[in-house]
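Have a look at the structure below, then the notes.
Quick caveat, the model's predicted, so the values are computed rather than measured.
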Amino acid sequence: MNELALFDGVPVRKTAIPWTNTMGTEEENAVVDVMRSGILSDFVAVRGDKFLGGSRVKKLEKAFCERFSTQYAITVNSATTALHTAIAACEIGPGDEVLVSPYTMTASASAILMNGAVPIFVDIDRERYTMDPLQIEKWITPNTKAILTVNIFGLPSDLPAIMKIARKHNLYVIEDNAQAPGATINGKEAGTIADIGVFSLNYHKVIHSGEGGVLLTNNKDLAYRCQLMRNHGEVILDESDDMDTVALGNNYRMSEIHAAIGIEQLKKLDGFLKTRRELAERLTQGLKFVKGLKGVFIPKGYTHSYYVYPIQFDSEIWGISREIFAKAIASEGFPLGIGYVKPIYLMNMYKHKHVYNHTQYPFSLIEKSTQKYEKGVCPVTENMHYNTLLVADVCRVPYTKDNIDEFLLAITKVWNNRKALKEYEKNCICRT
């Protein structure tokens, strides 16, 4: 048991714990009811009640409003289209800039480009992994119209500080809350603190309907513009006397099937979060006794949804690289993510400013470029991704507290074999 599985020893777990379907009979029955009704979607892009969708879409929106204590909920077919809708609802377009985190799924920034605006990347806090408020104001220009902050890994951003800065500069704030449903700041739900919040119902999120997204806001005008964006709003505007509102809509509508599943999944959110938090707390306590590994930091007054569990690795203490550590842990039955996602501004699309055809639109609309998309722009993000961060997907069903103990045992086993791993890594380097 002391010999690493990497060196042909017996692994702590012979197989990794698989992904588990969180759907139950409730979701199955809800889908069957929709199928039997024959109405799989009930949107029509004309003025009238059906402009806002069918009965299950409306029921899901009402359920989100009640669960998260907001006035308006607008369902869409993904969190990506929700982000696009949110930015459009804030009337952001060509010639504008939006501040955004560089350490998130590309959609957070791509949605800005889709509206003809330019993303400006703000470095992250080294403990929270969310946008660092201390880095925001240096990137604000006369072109800045909004801050799009991402509640990453399940922890809300420092929204009190971000909102204060935004109000000072008259900026909208959009929360990408895809990974943090049910997380809170001083009892206030993440995704409801900014001007508009975005939730995801993608299949690997805490709750899901396969695909889907929800926007939450307390602003009537923003809600209206979101509804226009979702369902070919230019048609509605053409039929009205409203000559001030501008909307180029799309088909971002949620089907009755997805809504029916979402209704049942939302009922289970708090139960799922209870399990995730219990597992995460056990892991956090266990990591306190491990040198060179830093677990989750939770600011006072915050709660975490633990979409995944981030761990910081200190290669100097371990004497081996993060990559070799992850390889050894994976051989024991616990795969780890190395880093998270490549810093967005280092993607070719940003480095070459090439998005549409052979032009440099929308970047070319800014006379003097605000930010160079190159290494060194966000040093904390780059250090996390290339040197420090590991991501553990262990705080979900079907994991149990015993499995967390197994994970901690695997870490201890690797720690006790550091010298052998150091030699192994040295030999690997020599061979290459």
Side-chain angles (χ1 to χ4, degrees), residues 30-66 68 70-94 107 110-117 172 174 195-202 209-266:
V31 169
V32 170
D33 287 345
V34 175
M35 295 295 290
R36 287 176 175 168
S37 76
I39 302 173
L40 307 190
S41 180
D42 209 14
F43 276 97
V44 181
V46 295
R47 183 169 297 281
D49 188 55
K50 290 185 183 296
F51 176 69
L52 298 178
S55 62
R56 291 169 181 83
V57 162
K58 292 172 183 172
K59 185 176 179 180
L60 178 58
E61 291 176 347
K62 181 180 178 182
F64 260 85
C65 286
E66 291 174 349
F68 295 100
T70 57
Q71 294 184 45
Y72 305 99
I74 303 92
T75 57
V76 288
N77 53 19
S78 75
T80 299
T81 57
L83 287 165
H84 183 206
T85 298
I87 294 164
C90 293
E91 299 183 279
I92 294 164
S110 298
I112 300 166
L113 291 171
M114 290 175 187
N115 281 281
Y172 281 111
I174 300 167
D195 297 294
I196 191 162
V198 169
F199 289 69
S200 176
L201 293 174
N202 179 262
S209 56
E211 296 286 357
V214 182
L215 299 111
L216 297 184
T217 184
N218 289 311
N219 185 307
K220 183 179 180 180
D221 292 335
L222 286 177
Y224 174 58
R225 290 199 289 270
C226 286
Q227 291 165 348
L228 291 173
M229 277 294 299
R230 170 178 64 180
N231 188 14
H232 307 288
E234 66 276 9
V235 177
I236 303 302
L237 292 173
D238 192 59
E239 297 173 348
S240 72
D241 295 327
D242 184 352
M243 299 298 155
D244 297 321
T245 305
V246 176
L248 178 60
N250 210 312
N251 180 353
Y252 289 164
R253 307 175 302 203
M254 178 180 281
S255 77
E256 290 288 276
I257 290 177
H258 290 88
I261 297 170
I263 291 165
E264 299 305 323
Q265 281 276 294
L266 183 58

Step by step, would you call I174 with D195 a side-chain contact (heavy atoms from CB on, under 4.5 Å)? CA-CA 6 Å; I174 300 167; D195 297 294; over 6 Å; no

Side-chain donor-acceptor pair present, N202, E211, cut-off under 3.5 Å: yes

If I compare all heavy atoms of I236 with all of V46, which pair ends up nearest, and what's the gap? CD1-C, 3.2 Å

What heavy-atom pair brings A86 and V198 nearest, and what distance separates the two atoms? CB-CG2, 4.4 Å

What's the separation between atom CD in Q265 and atom OG in S209, rounded to the nearest 0.5 Å? 8.0 Å

Report yes if some heavy atom in the side chain of H232 is under 4.5 Å from a heavy atom in the side chain of N251; otherwise report no. yes

Should the pair F199 and F68 be assigned to parallel (<30°), tilted (30 to 60°) or perpendicular (>60°) ring geometry? tilted

Does the side-chain contact (heavy atoms from CB on, under 4.5 Å) test come out yes or no for L222 and C90, once each step is laid out? CA-CA 7 Å; L222 286 177; C90 293; 4.1 Å; yes

For the residue pair A88 and N115, what are the closest heavy atoms and their distance? CB-OD1, 3.3 Å

Nearest heavy-atom pair of S200 and A79: which atoms, and what distance? CB-CB, 3.6 Å

Quick one: side chain to side chain donor-acceptor pair (under 3.5 Å) partners of S110, sequence neighbours excluded? none

Which atom names give the shortest non-hydrogen contact between M229 and Y252, and what distance separates them? O-CD1, 4.2 Å

Derivation of the side-chain contact (heavy atoms from CB on, under 4.5 Å) call for V214 and L216: CA-CA 7 Å; V214 182; L216 297 184; 4.0 Å; yes

Could you give the distance from CD1 (I196) to CZ (R225), rounded to the nearest 0.5 Å? 9.0 Å

Would you say D242's side chain and D244's backbone share a donor-acceptor pair under 3.5 angstrom? yes

Are the side chains of R47 and S240 in contact, using a 4.5 Å heavy-atom criterion? yes

Nearest atoms (heavy-atom pairs only) where A89 meets C226: CB-SG, 3.7 Å

Going through the distances and angles, do V34 and L40 end up as a side-chain contact (heavy atoms from CB on, under 4.5 Å)? CA-CA 6 Å; V34 175; L40 307 190; 3.9 Å; yes

Using a strict threshold of under 4.0 Å (side-chain N to carboxylate O), is an ion pair present between R230 and E61? yes

Side-chain contact, heavy-atom cut-off 4.5 Å: Y72 with K220? yes

Min side-chain heavy-atom separation E234-D238 under 4.5 Å: no

Could you tell me if the side chain of D33 sits less than 4.5 Å from the side chain of R56, heavy atoms only? yes

I'd like to check F51 versus N231 (side-chain heavy atoms, cut-off strictly below 4.5 Å). Are they in contact? yes

What is the distance from atom OH of Y172 to atom CG of N219, rounded to the nearest 0.5 Å? 6.5 Å

Counting only N and O atoms by type, is there a donor-acceptor contact under 3.5 Å from the side chain of N77 to the main-chain atoms of G212? no

Rounded to the nearest 0.5 Å, what's the gap from OG on S41 to NZ on K50? Could you check? 9.5 Å

Taking the side chain from E256 and the backbone from V57, do they hold a donor-acceptor pair closer than 3.5 Å? yes

For K58 and D42, what are the C-alpha separation, side-chain angles and deciding distance, and is it a salt bridge (charged side-chain N to carboxylate O under 4.0 Å, His left out)? CA-CA 10 Å; K58 292 172 183 172; D42 209 14; over 6 Å; no

Would E66 and K59 count as a salt bridge (charged side-chain N to carboxylate O under 4.0 Å, His left out) here? Give the steps. CA-CA 11 Å; E66 291 174 349; K59 185 176 179 180; over 6 Å; no

Do E91 and V246 have side-chain heavy atoms sitting under 4.5 Å apart? no

Min side-chain heavy-atom separation L237-L228 under 4.5 Å: yes

Between H258 and S255, is there a side-chain donor-acceptor contact under 3.5 Å, judged purely by atom types and distance? yes

